[in-house]
Amino acid sequence: MPIATGILIDKYRQFEGEPTQTIEVRKTVTLDDVKGELDRIKRGPSDEIEVVE
C-alpha cells in the first residue's frame with residue numbers, strides 16, 4: 001500500500017506540472033570560513049569583486 005501511495009503522489013505531481021524530485025545541495029562551513037567572513041565584514045566595503053566558483 002505505501003508503494004502505491006507514493007506512485008499515485010508522483011503521478012499527481014507530474015500531472016500538475018510540479019517537480020517529482022527535489023535536489024538538495026548542502027555546503028559545510030569551516031571555522032576558518034567564518035573567521036574570514038567576519039574579518040571581511042570588519043574591513044568594511046571594498047572596491048574588489050569576489051569571484052566564487
Side-chain angles (χ1 to χ4, degrees):
M1 189 64 144
I3 294 173
T5 304
I7 292 171
L8 287 173
I9 291 171
D10 283 345
K11 294 297 180 184
Y12 176 76
R13 286 184 176 172
Q14 187 179 21
F15 177 74
E16 291 292 317
E18 295 180 22
T20 57
Q21 295 181 359
T22 303
I23 299 173
E24 183 176 333
V25 178
R26 294 184 183 189
K27 180 181 177 188
T28 58
V29 179
T30 65
L31 185 57
D32 291 333
D33 294 338
V34 173
K35 287 179 181 178
E37 186 66 18
L38 289 174
D39 288 340
R40 187 188 66 77
I41 292 171
K42 288 178 185 177
R43 285 193 307 261
S46 172
D47 293 336
E48 297 178 13
I49 298 174
E50 182 180 341
V51 177
V52 178
E53 294 182 20

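Just the heavy atoms: all of them, side chains too, but no hydrogens, waters or symmetry mates, feed the values below.
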Seminar exercise, completed: Separation between CZ (Arg43) and CG (Leu38), nearest 0.5 Å, reads 11.0 Å
For this session: Kindly check if the number of other-residue, nucleotide or ligand heavy atoms within 6.0 Å of CD1 (Ile3) is above 12?
Result: no
Exercise. Do NZ/NE/NH1/NH2 and the carboxylate oxygens of Glu16 and Arg13 come within less than 4.0 Å?
Worked result: no
Problem set entry | Least distance between heavy atoms, Thr28 atom then Asp33 atom | O-OD2, 4.4 Å
